[in-house]
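Throughout, numbering of the chain's residues begins at 1 and tracks the sequence.
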Amino acid sequence: MAAGGGAAGAAAAAAAAIAEAIKASGAVIKMKPGEFQKLLDRMEEPLVVVSEGGFFSTRYQYLTSYKGLHFYAKASEPLRLPSSAEVMPSEKIWMPG
């Protein structure tokens with residue numbers, strides 16, 4: 001592995017693990033960005049997978065798990081994440097269907 005790639009590799013591994021868990025559990029709840037932020041504000045130390053991308057305009061994707069359910073949001077502007085959030089950058093968040 002290249003020098004400095006450890007953190008990126010760990011983030012990619014965590015994102016892959018969450019993606020596998022989502023495929024295994026099946027249900028992902030899509031939320032409006034504001035509702036997603038409200039959910040994060042209720043959590044003590046949320047783990048949030050974040051992806052930034054897009055072709056013609058930048059879009060931001062967010063994924064978290066709360067009480068056994070998985071929540072996803074897509075926004076055109078970055079969301080304000082709680083300071084207590086553990087943020088895992090991801091190259092891409094793929095949602096089935």
Considering all heavy atoms, the nearest [X]-[Y] contact:
X: Glu52; Y: Thr58; answer: CG-CG2, 3.6 Å
X: Tyr60; Y: Ser76; answer: CE1-O, 3.6 Å
X: Pro46; Y: Leu40; answer: CB-CD2, 3.9 Å
X: Leu79; Y: Gln37; answer: C-NE2, 3.8 Å
X: Tyr62; Y: Ala75; answer: CE1-CB, 4.5 Å

Q.
My understanding is that only residues two or more places apart in sequence, or in another chain, count here; which of them pass side-chain contact (heavy atoms from CB on, under 4.5 Å) with Ile29?
A.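 By the side-chain contact (heavy atoms from CB on, under 4.5 Å) rule, Ile29 matches Met31, Leu69, Phe71.
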Q: Kindly write out the residues that satisfy side-chain contact (heavy atoms from CB on, under 4.5 Å) with Gln61, not counting sequence neighbours, or none if the list is empty.
A: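 Counting only residues at least two positions away or on another chain, Gln61 forms a side-chain contact (heavy atoms from CB on, under 4.5 Å) with Ser51, Arg59, Tyr72, Lys74, Ile93.
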Rounded distance (nearest 0.5 Å) linking atom [atom1] of [X] with atom [atom2] of [Y]:
X: Leu47; Y: Met88; atom1: CG; atom2: CE; result: 6.0 Å
X: Leu81; Y: Glu86; atom1: CG; atom2: CD; result: 12.5 Å
X: Phe36; Y: Lys30; atom1: CZ; atom2: NZ; result: 12.5 Å

Q.
Run Thr64 and Val49 through side-chain contact (heavy atoms from CB on, under 4.5 Å) and show every step you take.
A. CA-CA 6 Å; Thr64 195; Val49 178; over 6 Å; no
Q) Are any non-hydrogen side-chain atoms of Val48 and Leu63 less than 4.5 angstrom apart? A)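 No; the side chains remain at least 4.5 Å from each other.
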Q: For the pair Lys38 and Glu35, find out whether any cationic side-chain nitrogen is under 4.0 Å from an anionic carboxylate oxygen.
A: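 Here Lys38 pairs with Glu35 in a salt bridge, since their nearest N and O are under 4.0 Å apart.
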Q.
Grouping I, L, V, M, F, W and Y whenever their side-chain heavy atoms are under 4.5 Å apart, do Met43 and Val50 come out in a common cluster?
A.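 The answer is yes; both residues are in one hydrophobic cluster.
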